[in-house]
Amino acid sequence: MKALAPSLRDILRDGTREEHERLDAGLDLMGPGLTTARYRTVLGRFHGFWAGWEPRVAAELADDAFLAPRRRLHLLQHDLLVLGAAPEALPVCPAPPIQGTAEAMGSLYVMEGSTLGGRVILKRLGALGLPAGSCTYFAGHGSATGTMWNAFLRRLEAETDTPAILRGAKATFAALGDWLLGDPLPRSG
Ligand SMILES: C=CC1=C(C)/C(=C/C2=NC(=C\c3[nH]c(/C=C4\NC(=O)C(C)=C4C=C)c(C)c3CCC(=O)O)/C(CCC(=O)O)=C2C)NC1=O
């Protein structure tokens with residue numbers, strides 16, 4: 001038998017499981033309580049998070065070629081406009097305290113990883129009868145999701161400071177959870 005060392009992805013998945021479950025349960029996008037109003041509120045909160053997070057991770061990662069296709073703030077702006085909301089008027093979340101490339105890669109793990117749920121989320125959103133073109137954020141990388149994720153993991157495995165990577169991921173999940181779930185989300189209407 002070969003005892004394989006856990007991959008960075010294993011370490012991140014195990015080390016953030018609790019925060020991940022808290023978010024998943026708190027957002028409850030897959031349950032029967034999801035309405036168009038609730039969807040718009042959730043998008044607006046994700047917008048506020050990305051508006052603070054994206055410039056910060058860009059500055060700390062300092063790798064525009066790698067980050068450019070992983071930027072999604074513009075997708076949130078687009079979806080909110082289609083739904084009749086004014087994204088520029090929404091509150092912006094202070095960026096999590098990430099510093100340096102290793103913490104930035106841990107932080108990016110959280111937001112890139114979220115594209116992996118895209119297919120199930122899109123299917124659920126399809127049942128709401130939302131206006132056409134209002135789900136580009138959750139569509140994420142679409143058919144390129146697998147390719148993008150594998151390229152992300154290759155870049156991740158090139159980082160050597162494992163504690164810093166995990167710190168960045170945990171800080172990001174914590175900030176995201178506090179921001180998205182701090183106020184009750186609408187349940188119906
Ligand atoms: C918003 C709803 C929302 C839903 C309903 C959702 C569903 C799924 N997320 C998955 C994976 C991940 N999701 C995250 C980050 C967030 N998950 C969240 O729920 C929020 C809010 C996150 C961060 C923004 C990460 C880091 C991973 C990689 C974990 C790893 O390393 O494997 C998978 C698994 C897909 C597979 O394995 O093929 C599913 C089904 N994702 C969403 O964003």
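Order of listing sets the numbers, starting from 1, for every ligand and every atom in it.
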Cation-pi check, R70 to F66: give yes when NZ or CZ is under 6.0 Å from the six-membered ring centre and within 45° of the ring axis, no otherwise.
-> yes
Ligand 1 N/O to protein N/O, distances under 3.5 Å:
unit_1, atom_1, unit_2, atom_2, d
ligand 1, 13 (N), H20, NE2, 3.4
ligand 1, 13 (N), G113, O, 3.4
ligand 1, 17 (N), H20, NE2, 2.8
ligand 1, 31 (O), R9, NE, 2.9
ligand 1, 31 (O), Y109, OH, 2.7
ligand 1, 32 (O), R9, NE, 3.1
ligand 1, 32 (O), R9, NH2, 2.8
ligand 1, 32 (O), R13, NH1, 3.3

Identify the two heavy atoms, one from L23 and one from L176, that lie closest to each other, and give their separation to 0.1 Å.
-> CD1-CD2, 3.7 Å
Could you pull out all residues at least two apart from H20 that satisfy ring-ring contact (aromatic ring centres under 6.0 Å, His included)?
-> F173
SB check D63 R155 (cutoff 4.0 Å) | yes
Is there a donor-acceptor pair under 3.5 Å between the side chain of D14 and the backbone N or O of I11?
-> no
Can you tell me if CZ on R17 sees more than 12 non-hydrogen neighbours from other groups inside 6.0 Å?
-> yes
